[in-house]
Amino acid sequence: MKIPYYPGCTLNTVAKPFDESAKASAITLGFELEELSEWNCCGAGFPLTNDNIMGLAAPTKVLANARAAGETVTTLCSVCYNVLKRTNKALNDDKERKATINEFMELEYDGSLNIVHYLEILRDTVGFDKVKEAVKRPLTGIKVGAYYGCMLLRPGGEVGIDNAEAPTIIEDLLSALGCEPVDFPDKIECCGAHLAMGKTDVVERLSGKIMTSAIESGAEVIVTSCPLCQYNLDKSQEKIKSSDAGFKTVPVVYFTQLLGLALGQSEDETSLKDNQWDIRPLLAERGV
Amino acid sequence: MKITLSKDKIESEGIALIERISGEDLKQCYQCGNCSGGCPVSLEMEITPSQMIRQLQLGNIEGVEEANTMWLCLGCQQCYSRCPKSVSAAKILEALRQLHLRKGEDHAEIAEMDMPLLKRGPQQAMVSAFRKFVS
């Protein structure tokens, strides 16, 4: 089964480990991510003001290209998922807006694309029970905090991957991989997002609070589905450590890296060495 | 802080414009403060999201303009998710930013942005920041 796949701007570059581990895992689980032959950046943020039609131009073009490839498109990045899903709804909620943007972009997109996150394919198409059956290297005893952030979840009524206040989709996957999911209070808080551009002090405080919340709840590893969350949490730790001697660093990896590892991919194939805070010593210590 | 209430200010064109661009009815807010309580970045703000809405309800656009609030909003939608009246402080703050950007008043200079980040950081951070800060 081939599923049209929209990688988005970051998955082909700095978040390559996310892309590669997801593609390889898909093959093991019986489906294939087929990258769209033509795609552009989604805009990396849904335009919040109703009259900002220009902000919908880039994501609408992505939707139109994806619809030409099939009825469904999948994506890995939380932000792409959020933007595409909300844009689709914004077009379907307002026929005039849809007609205006189609005319301006010289497109004929009808709003009928189904946008699903990779996690939804694992849960709803493959099934977490089947994922569990495919596990070759159970990550037994590894305590993992599922960090959702904002874009995968909110607004709940529009994104709808899971309960926006108390999601469990990533924990359910982690359980299937043999991990011990750790619930923590700040798992749906924002990491500081685009403030990475110029306001790194704020990002360090926000990301630091999230990591402390996870670590104090027992997490030894944090997983995410957003390249910007991964970057902000990863990069903040050096600075936090230098100002807070009590801060214990924590590996921050994509959920697909753990998935790939559990499905039998090697540590090289899952690019674990590329993460700033190495998870490999922990895996070796636990003998998994 | 002393505030002089004036019908002209409360019903000013500026307030109507903010309501039109954001699509939000400022009067819906009854100041429960859930947005500010949920906002991950409210501690960094000179006025919190609920204070921002209150100032606009009173017609004090200048007071809101002077604060760093609109430039710190992450758009994470926690305010909207937790609002019992479905008011989106994030949309109102986006409208305030847009009022600057649509006049060509940028909040950031691309040339002054951190070079290591531009070279090695995630593209989505740049695209997102440019959309929020640059016209």
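Keep in mind that the numbers below use all heavy atoms, side chains included, and drop hydrogens, waters and symmetry copies.
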**Asked** With a 4.5 angstrom heavy-atom cut-off, which part of C73(B) approaches chain A: side chain, backbone, both or neither?
**Response** backbone

**Request:** Indicate the ring-plane relationship of F184(A) and Y147(A), choosing parallel, tilted or perpendicular according to the 30° and 60° boundaries.
**Result:** tilted

**Top of N232(A), N50(A), L228(A), L153(A) for chain B proximity - count of heavy-atom pairs under 4.5 angstrom** = L228(A)

**Asked** Which residues, numbered in order, of residues 8-17 of chain B come under 4.5 angstrom of chain A by heavy-atom distance?
**Response** none

**Request:** Drop me the distance from I222(A)'s CD1 to I279(A)'s CD1, to the nearest 0.5 angstrom.
**Result:** 11.0 Å

**Item:** CA sep, side-chain torsions, deciding dist, call: Q123(B), T13(A), side-chain hydrogen bond (donor to acceptor under 3.5 Å, both in side chains)
**Value:** CA-CA 9 Å; Q123(B) 288 84 346; T13(A) 51; 2.8 Å; yes

**Fill in**
Output for pair (I92(B) CD1, I18(B) CD1), nearest 0.5 Å, gives 9.0 Å

**Request:** With a 4.5 angstrom heavy-atom cut-off, could you sort out which part of C77(A) is near chain B: side chain, backbone, both or neither?
**Result:** side chain

**Message:** Taking the basic N atoms (NZ, or NE/NH1/NH2) and the acidic carboxylate oxygens, is any pair closer than 4.0 Å for R97(B) and E94(B)?
**Reply:** yes

**Prompt:** Can you tell which of A90(B), G121(B), G38(B) has the highest number of heavy-atom pairs within less than 4.5 Å of chain A?
**Reply:** G121(B)

**Prompt:** In terms of side-chain geometry, is the basic nitrogen of D19(A) or K23(A) positioned less than 4.0 Å from the acidic oxygen of its partner?
**Reply:** yes

**Prompt:** Can you tell me how far OG of S78(A) sits from CD1 of I161(A), rounded to the nearest 0.5 angstrom?
**Reply:** 8.0 Å

**Message:** Can you confirm whether the side chains of Q51(B) and R54(B) place a donor and an acceptor under 3.5 Å from each other?
**Reply:** no

**Request:** With a 4.5 Å cut-off on heavy-atom pairs, point out which of L74(B), L93(B), V41(B), V127(B) contacts chain A the most.
**Result:** L74(B)

**Message:** Less than 4.5 Å to any heavy atom of chain A: does that hold for the side chain of R82(B), its backbone, both, or neither?
**Reply:** side chain

**Message:** How long is the straight-line distance from CG of D244(A) back to CD1 of I240(A), given to the nearest 0.5 Å?
**Reply:** 8.0 Å

**Fill in**
Okay, E44(B) and chain A: the region with an atom under 4.5 Å from a heavy atom over there is side chain

**Message:** Check this for me, if you would: do K209(A) and D186(A) make a salt bridge, where the nitrogen-to-carboxylate-oxygen distance has to be below 4.0 angstrom?
**Reply:** yes

**Request:** Flag the one option from G192(A), C150(A), C190(A) with the top tally of heavy-atom pairs under 4.5 Å to chain B.
**Result:** C190(A)

**Request:** Check whether C9(A) gets within reach of chain B through its side chain, its backbone, both or neither, counting any heavy atom under 4.5 Å.
**Result:** both

**Request:** Check whether M197(A) gets within reach of chain B through its side chain, its backbone, both or neither, counting any heavy atom under 4.5 Å.
**Result:** both

**Request:** Check whether the ring centres of F133(B) and H194(A) lie less than 6.0 Å apart, and answer yes or no.
**Result:** yes

**Item:** Partner chain B: residue of P227(A), A193(A), A164(A) with the largest heavy-atom pair count (under 4.5 Å)
**Value:** P227(A)

**Item:** From CG (N92(A)) to CZ (R97(A)), nearest 0.5 Å
**Value:** 10.5 Å

**Item:** Close approach to chain A in residues 98-109 of chain B, criterion heavy atom under 4.5 Å
**Value:** Q98(B), R102(B)

**Item:** Max heavy-atom pair count under 4.5 Å with chain B, selected residue of A196(A), P155(A), G45(A)
**Value:** P155(A)

**Request:** Indicate the ring-plane relationship of F255(A) and F18(A), choosing parallel, tilted or perpendicular according to the 30° and 60° boundaries.
**Result:** perpendicular

**Prompt:** Is a side-chain donor-acceptor pair under 3.5 Å present for T270(A) with S21(A)?
**Reply:** no

**Request:** Report the option among V202(A), T200(A), D201(A) that has the most heavy-atom pairs separated by less than 4.5 Å from atoms of chain B.
**Result:** V202(A)

**Message:** Just verifying a value: how many Å separate M211(A) CE and S236(A) OG, rounded to the nearest 0.5 Å?
**Reply:** 5.0 Å

**Complete:** If one checks every heavy atom of L206(A) against chain B at 4.5 Å, the contacting part turns out to be side chain

**Prompt:** Which atom names give the shortest non-hydrogen contact between M45(B) and T69(B), and what distance separates them?
**Reply:** SD-CG2, 3.5 Å

**Message:** Is K132(B) close to chain A through its backbone or its side chain, or both, or neither, when contacts mean heavy atoms under 4.5 Å?
**Reply:** side chain

**Message:** Tell me whether the count of non-hydrogen atoms from other residues, nucleotides or ligands lying under 6.0 Å of NZ in K239(A) goes above 12.
**Reply:** no

**Request:** Measure distances from E165(A) to the heavy atoms of chain B and classify the residue's part below 4.5 Å as side chain, backbone, both or neither.
**Result:** side chain

**Asked** Is it the backbone or the side chain of I210(A) that comes under 4.5 Å from a heavy atom of chain B, or both, or neither?
**Response** neither

**Message:** Check E158(A) with K89(A), please: is the shortest side-chain N to carboxylate O separation under 4.0 Å?
**Reply:** no

